[in-house]
**Q** 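Here you go, one structure.
The figures here come from the full heavy-atom set of this structure, side chains too, leaving out hydrogens, waters and symmetry mates. Chain naming here is simple, since letters A, B, ... match the order of the sequence lines and numbering starts at 1 in each. The structure presented is a predicted model; accordingly, all values stated were derived computationally and were not measured.
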Number of protein chains: 2
Amino acid sequence: MATMHDVARLARVSVSTVSYVLTGTRPISQATRDKVLAAMAELDYQPNAMARGLASRRSRIVGLLMPMDERGLGATETAFVTGAAAAASAAGYHLVLSPVGVGDLDDLRRLASQRMLDGAVLMEVQVEDGRVAALQEAGVPLVLIGRTGDTTGLAYVDIDFEQTVRQAVEHLVGLGHRRIVYVNHSAATIAAGYGPAVRTRDAFVAAMSGHGLEPVMIPAEDSAAGGRAALTAALDQAPDLTAVLAMNENAIFGILGELAVRGLAVPHDVSVVSMVTSPQVAELATPALTAMTSPGSALGRMAVEALLRRLEDGGDDDHQRLLPCALEIRGSTGPAPRPTAAAGGGDTVPTRSGPPGT
Amino acid sequence: MATMHDVARLARVSVSTVSYVLTGTRPISQATRDKVLAAMAELDYQPNAMARGLASRRSRIVGLLMPMDERGLGATETAFVTGAAAAASAAGYHLVLSPVGVGDLDDLRRLASQRMLDGAVLMEVQVEDGRVAALQEAGVPLVLIGRTGDTTGLAYVDIDFEQTVRQAVEHLVGLGHRRIVYVNHSAATIAAGYGPAVRTRDAFVAAMSGHGLEPVMIPAEDSAAGGRAALTAALDQAPDLTAVLAMNENAIFGILGELAVRGLAVPHDVSVVSMVTSPQVAELATPALTAMTSPGSALGRMAVEALLRRLEDGGDDDHQRLLPCALEIRGSTGPAPRPTAAAGGGDTVPTRSGPPGT
DNA sequence: ACGGTTAGTCGAAACGCTTCGACAACCCCT
DNA sequence: AGGGGTTGTCGAAGCGTTTCGACTAACCGT
């Protein structure tokens with residue numbers, strides 16, 4: 001493994017000159033630069049990351065901290081990662097993904113104090129997230145994907161849930177739906193203050209009220225069974241529902257299954273919109289789901305770019321940016337089954353059309 | 001940020017003594033050790049990772065290299081990651097996930113030559129995988145999850161596809177199924193030599209032949225549409241099929257959708273087994289899928305443990321280990337619809353029972 | 001013709017740790 | 001009593017960079 005000394009010797013210059021060629025911190029004549037670059041090429045020189053990090057006190061590593069639960073990473077999260085990795089790599093940084101859960105704060109603290117990370121991007125931020133404080137105490141610059149409750153002085157990028165929900169509701173209302181049920185994450189998740197769950201809830205209430213409609217909301221466990229239960233509850237509470245808006249990517253398959261069991265055809269009897277869903281998942285269903293596609297890769301890129309800007313400029317540029325999901329219409333939404341004669345809502349299950357199936 | 005010097009001064013010992021307390025490379029008296037530990041606690045000392053890495057020429061970082069395509073990480077891959085991370089963390093190593101695709105070999109080479117990784121675990125190994133050579137040239141010890149074509153001198157852990165397929169086939173045959181179709185990954189993937197696709201194909205042929213049955217195999221694109229097309233092709237080729245064995249986690253939802261469209265009930269008319277599938281995904285379907293659950297977290301743990309053993313002992317312990325998937329019976333398999341009167345296979349579509357729907 | 005910049009280069013001192021050689025002190029055999 | 005091990009500690013020499021201060025030479029305006 002060639003070192004800088006070897007390069008310097010071969011190029012007949014001093015070590016510091018080689019360093020200046022590499023870092024560009026001081027002017028170097030073209031002739032010298034060429035000699036040095038030639039020597040580096042000949043020796044297949046690669047700077048030693050540890051030595052560089054020690055001397056410069058900057059590792060050129062940024063961490064992407066994502067809690068990994070057993071559910072796995074959806075395509076949405078993966079898009080974050082690839083977007084972030086691309087941005088980091090383009091800037092000459094390494095992006096390391098660290099599966100630190102919200103639980104192992106000590107692990108995180110250790111990681112941070114070891115000066116191995118120049119900065120960090122946090123995924124899956126909770127409204128009360130100990131990781132934020134831990135990193136701030138350790139002096140690690142950070143950018144969130146998502147938001148904590150109090151965002152003052154914090155840099156973040158997040159999905160614009162408000163606009164996303166509004167757009168989804170408008171799509172359904174535009175198709176004539178008046179009785180729309182929102183299937184959120186579980187009650188526990190909402191109570192825990194999980195940002196997307198809380199914010200979409202509020203946004204749904206606002207959007208429905210804006211249309212003069214009553215917001216019906218049902219929580220659901222993150223599973224197919226949870227989805228089935230939620231749909232049952234939804235039909236209890238609003239037997240005349242014609243559309244379901246679901247935040248819960250796991251529950252949605254249960255919802256679809258239960259609809260099929262009850263002989264309700266999608267989208268003929270009930271329209272379904274899936275929120276913050278990747279095209280890949282949307283296509284798994286039959287018919288493919290109309291969904292609000294999350295701007296995953298853009299979010300990842302923006303987060304890393306904001307972080308690097310703050311690292312290089314040292315500026316406390318409080319970057320706060322929201323991106324809405326894009327409405328992608330597929331086969332699961334259609335016109336409301338019948339003109340909403342009485343918006344008050346009937347108390348009997350209306351006659352449904354057609355045979356079961358799909 | 002306290003350094004070792006500070007600790008040494010406070011404890012009234014030399015710097016090297018502090019180091020020995022930390023690394024245990026030389027005996028230290030209990031009294032001294034206590035003094036040093038007390039000083040470390042008081043100063044909230046954390047060793048500087050860069051300095052340690054530079055001096056010891058070992059970063060205590062192992063990389064988990066996983067190509068991240070847009071499909072995202074399934075629960076199976078996520079289990080690899082969590083298993084690996086847990087094992088690394090238990091041994092005092094950091095696991096960094098690097099989303100290096102098979103494409104950016106130069107990126108990988110750079111990463112490797114920068115001496116930032118003590119070793120690497122490769123996921124999603126191709127039969128011809130340039131990353132293996134790149135890492136070997138850079139002198140980075142590695143362990144594969146999956147296998148290349150030629151595994152001599154390579155350490156790996158992998159799924160025992162042979163046994164997994166055999167067990168799945170036995171389950172179906174035990175239920176009376178004789179006409180079983182295997183839906184593999186796409187033809188292109190198989191042609192590219194993707195290990196799981198190739199190995200399951202061979203294993204399926206062997207298992208079916210072992211039972212005196214004809215192996216019918218259909219490739220499918222990794223999407224719901226691919227699954228639908230595959231089922232259509234399967235019914236063309238084997239109209240009397242009573243069971244589908246699917247390797248393709250994405251296609252399986254298309255298969256189920258198409259079965260429903262055709263009015264074939266699962267498991268009444270057709271049994272479905274999903275291979276190398278996580279419980280989470282299996283539960284998404286209605287009915288939940290009987291599946292061969294991959295030993296993801298165990299594989300990840302074993303891979304890291306093998307890697308660390310090789311790092312610490314320096315031993316060229318050619319760790320090669322296979323783990324089968326576990327059969328988990330859920331609702332998608334049942335007895336074959338009718339006794340296989342003539343195993344030769346009919347040439348007309350037999351009458352199917354019952355109404356459509358789940 | 002002369003001080004004042006600026007461009008280009010060098011040597012040496014960090015950076016915070018590990019590790020090697022040395023050495024004192026002690027213990028155990030014979 | 002003297003040699004051979006251990007045990008426990010220290011000082012110093014790296015590890016491969018970056019970065020600071022210093023120096024030379026060329027160039028500027030006056």
**Q** State, without any angle test, whether A:Thr17 and A:Ser14 hold a side-chain donor-acceptor pair at a distance under 3.5 Å.
**A** yes
**Q** Would you kindly compare B:Pro27 and B:Ser56 by the position of their nearest DNA chain D nucleotide and give the one closer to the 5′ end?
**A** B:Pro27
**Q** For A:Thr3, report the nucleic acid contact type (base, sugar-phosphate, nothing); a contact means any heavy atom under 4.0 Å.
**A** sugar-phosphate
**Q** Just call it for A:Leu54: base, sugar-phosphate, or nothing, with non-hydrogen atoms closer than 4.0 Å on any strand.
**A** base
**Q** Mind checking which nucleotides bracket the chain A contacts on DNA chain D, 5' to 3', with an atom under 4.0 Å from a heavy atom?
**A** D:dG16 to D:dA22
**Q** Could you tell me the separation between the CE atom of B:Met1 and the P atom of C:dA14, rounded to a whole number of Å?
**A** 22 Å
**Q** Counting distance alone, no hydrogens or angles: does the base of C:dG11 have a donor or acceptor under 3.5 Å from a partner atom on the side chain of A:Ser14?
**A** no
**Q** Are A:Gln46 and B:Arg110 close enough that some pair of their side-chain heavy atoms sits under 4.5 Å apart?
**A** yes
**Q** Rounded to the nearest angstrom, tell me the gap between atom CZ in A:Arg60 and atom C1' in C:dC15.
**A** 17 Å
**Q** Taking atom P of C:dG11 as reference, at what distance in whole Å does atom CZ of A:Arg26 sit?
**A** 14 Å
**Q** In whole angstrom, what separates A:Arg33's CZ from C:dT9's C1'?
**A** 13 Å
**Q** Between B:Ser16 and A:Ala55, who's closer to the 5' end of DNA chain D by nearest nucleotide?
**A** B:Ser16
**Q** Under 4.0 Å between a side-chain N/O of A:Thr17 and OP1 or OP2 of C:dC10, yes or no?
**A** yes
**Q** Counting the atoms with a prime plus P, OP1 and OP2 as sugar-phosphate, which does B:Val18 contact under 4.0 Å by heavy atoms, base, sugar-phosphate, or nothing?
**A** nothing
**Q** Whether the A:Asp118 and A:Ser59 side chains hold a donor-acceptor pair (N or O, under 3.5 Å, no angle test) is what I'd like checked.
**A** yes
**Q** Rounded to whole angstroms, how far apart are NE2 on B:His5 and C1' on C:dA14?
**A** 12 Å
**Q** Test side chain to side chain contact (heavy atoms under 4.5 Å, CB included) on A:Val96 and A:Ile61 and set out the steps.
**A** CA-CA 7 Å; A:Val96 309; A:Ile61 299 179; 3.6 Å; yes
**Q** If we ignore angles and hydrogens, is there a donor and acceptor under 3.5 Å between the side chains of A:Ser29 and A:Thr32?
**A** yes
**Q** Using a 4.5 Å cut-off on heavy atoms from C-beta on, say whether the side chain of A:Asn48 contacts that of B:Gln114.
**A** no
**Q** For B:Arg58, I'd like to know if atom CZ has over 12 heavy atoms of other residues, nucleotides or ligands within 6.0 Å.
**A** yes
**Q** Using whole Å, report how far NZ of A:Lys35 lies from P of C:dC10.
**A** 7 Å
**Q** For A:Arg57, answer base if it contacts any base atom (sugar-phosphate contacts may also be present), sugar-phosphate if it contacts only those atoms, and nothing otherwise; contact means non-hydrogen atoms under 4.0 Å.
**A** sugar-phosphate
**Q** Atom CE of A:Met116 to atom P of C:dG16: distance rounded to whole Å?
**A** 15 Å
**Q** Would you please confirm or rule out a distance under 4.0 Å between OP1 or OP2 of C:dC20 and any side-chain N or O of B:Tyr20?
**A** no
**Q** Please state how far atom CE in A:Met4 lies from atom P in C:dA12, giving the value in whole angstrom units.
**A** 16 Å
